[in-house]
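Here's the structure we're looking at; comments come further down.
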Amino acid sequence: MTTHAEPATEPPVSEAADTDDEVTTDPGWFRKAVVYQIYPRSFADSNGDGIGDLPGIISKLDYLQKLGVDVVWLSPIYMSPQDDNGYDISNYRDVDPLFGTLADLKKLTDGLHSRGMKLVMDLVVNHTSDEHPWFVESRSSKDNPKRDWYWWRPPRENPEAGPGASAEPNNWGSAFSGPAWEFDQVTGEYYLHLFSRKQPDLNWENPEVRAAVYEMMNWWLDRGVDGFRMDVINFISKDTSLPDGLKAEGMLFGDGSPHFMSGPRIHEFLHEMHLEVFTGRDKPLLTVGEMPGVTVEDAVLFTDPARREVDMVFQFEHVALDQEDGNKWRPRKLRLTDLKQSLGRWQEGLAGRGWNSLYWGNHDQARAVSRFGDDGQYRELSAKMLAGILHLHRGTPYVYQGEELGMTNMSFGAISDYRDIEVLNHHREATTHLGHTDAEVLAALAPLNRDNARTPVQWDASRHGGFTTGAPWIAVNPNTSHVNAAEQVDNPDSVFSFYRQVIALRHSEPVVADGDFTMLLPDDEHVYAFRRSLLGPASESGAGATPGVQLLVLGNFSGEDRTVELDGGGWGDAEAGAAELELGHYPAELVLGNYPHDGAGTHDAVTLRPWELKVFRRQHNN
């Protein structure tokens, strides 16, 4: 393919890998891996400017190594005007001075590799910044060679506004409020932006765009990066007719998502990317596709290894269950049965060929313990329980920075306390055009806004939580006085130490990575229960298979005692002893729990205390 790359600030470190041969390394290495996401501006600040940076991350590598994670996913650190905190990229091949330099990034990469960890970069190629040289050229004139690198359309007539009036090319709304189109005075046309007006969408129909993106990706892999988490990657293929979307009652704009989510050429584009970038490289790499609106059926295709598209997807179904009609500004109480039905369906649907990404939170979601647990009396217990439930599903688990400490949502008092463009734009639209009061909007924003996850990591109990010696870009949660890393790292009963146990169990127990998944008690509104099973290998004598392994995972999602009946699911003839359940011929031992074990239970029931997790292991006949 012909390539049209942006100017490199530094030449590649090495030549591209030979792409004639398939990868020779273990393609399933990520099944046992745990990924840790770093949101750089909120992780650790080394120079006192109030913004986290690469040297700050480097100073915490021993912390990450102690936690036991295998991969670090770094949210964008590229050159950017920071309209959307780095997800608006103006130069893909340089580090923004806010965060450091390419030399700092090389030091970080080497530091991770020397500790046995990999580095995954956030890749944002559905759109660029409007300050990227590609877009600067594109908007300069209608006949510029890069005009077709973005989605440009002329105004359409708008008879409702009067004779000669014009309007946007279609009625789509932006994810950050307002229309998805911005008028450009220079050329008299509109450009498409599914997010901020400073984030124009790239036109992936143009092969020159795809070639330039692939060349840039190869450049990063040649520098030692171990893969990419690809932001809204299923938006890159759009219905080229860009038709109007359905407009729901009370909404200002139409829903264009059916015309750009998992569009007509998405599988073609991702397969081409795999061939042009990943095929033939001689080290294990990771490709993760963030895919809003993706279905289980599509995810099977995206993650089937034989199709060579991506290793796993981020889906959003389970994090929309506590919202009315998928609207995060209309929160509702989560029903545990809905959560089990959703996660169970994804477990079953991807069991044969695909692979799951497992997460409670990230930089776009509220804090896990505040959203799914109890961030008051039972903060530590529920944080531990959530870790065990999530990490023992089939898939690759993700830990978002501070989750391993049980960090909570922030209480923002006024709109001026917020920093997120999504929040600020929604507040303006809701109070100006939708008739809501400031108090109403602030109440709706509180539970699920993205700034909840973006408050700085709480390293100690000092001023600003040890994050910075200056004024932080966003306020530190006041509970850093008792929720912080310094108090937890060497405390064997802390949330941090429990995460270490859960991660170590995935590394040491093959059934966690490779076993089958069976949901139990699907109709119970308080207890989340499932079984993992892995067949034993055939015996060397040829007399048949050796016993396999099963895990029984029980989690109480409530602040009251709950009794779990052990009938059915192969756990029926259980007898509880001081430290084990007798299950027929094979004993079951408690291998993980968030309370001191008290042996409570009978031959057919176990009582779970508030927010208690119990994980039993046994051998079983194949």
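These numbers come from the heavy atoms of this one structure, side chains and all, not from hydrogens, waters or symmetry mates. Residue numbers count from 1 along this sequence.
Every residue two or more places apart in sequence or in another chain that forms a ring pair (Phe, Tyr, Trp, His ring centres under 6.0 Å) with Y418 is listed here: F412. The ring pair (Phe, Tyr, Trp, His ring centres under 6.0 Å) search around Y39 returns H363, not counting sequence neighbours. A search for side chain to side chain donor-acceptor pair (under 3.5 Å) contacts involving D493 returns nothing, not counting sequence neighbours. By the side-chain contact (heavy atoms from CB on, under 4.5 Å) test, L390 pairs with L358, W360, sequence neighbours left out. Residues that satisfy the side-chain contact (heavy atoms from CB on, under 4.5 Å) test with D104, not counting sequence neighbours, are L54, P55, T101. For F176, the ring pair (Phe, Tyr, Trp, His ring centres under 6.0 Å) criterion is met by F195, not counting sequence neighbours. Remark: D231 pairs with Y87, D122, V124, H127, R229, E290 by the side-chain contact (heavy atoms from CB on, under 4.5 Å) rule, at least two apart or across chains. With sequence neighbours excluded, the residues forming a side-chain contact (heavy atoms from CB on, under 4.5 Å) with A486 are D460, N484, listed by chain and number. Take F99 and apply the ring pair (Phe, Tyr, Trp, His ring centres under 6.0 Å) test, not counting sequence neighbours, and it matches no residue.
Checking each of V35, V69, V71 against K118 for a side-chain contact (heavy atoms from CB on, under 4.5 Å) leaves exactly one that passes, namely V71.
For residues 68-92, the salt bridge (charged side-chain N to carboxylate O under 4.0 Å, His left out) pairs, not counting sequence neighbours, are D84-R450. Applying the side chain to side chain donor-acceptor pair (under 3.5 Å) test to pairs two or more places apart or on separate chains, those with a residue in residues 380-395 are H393-Y528. Within the structure, salt bridge (charged side-chain N to carboxylate O under 4.0 Å, His left out) contacts touching residues 479-491 (residues at least two apart or in different chains) are K66-D490.
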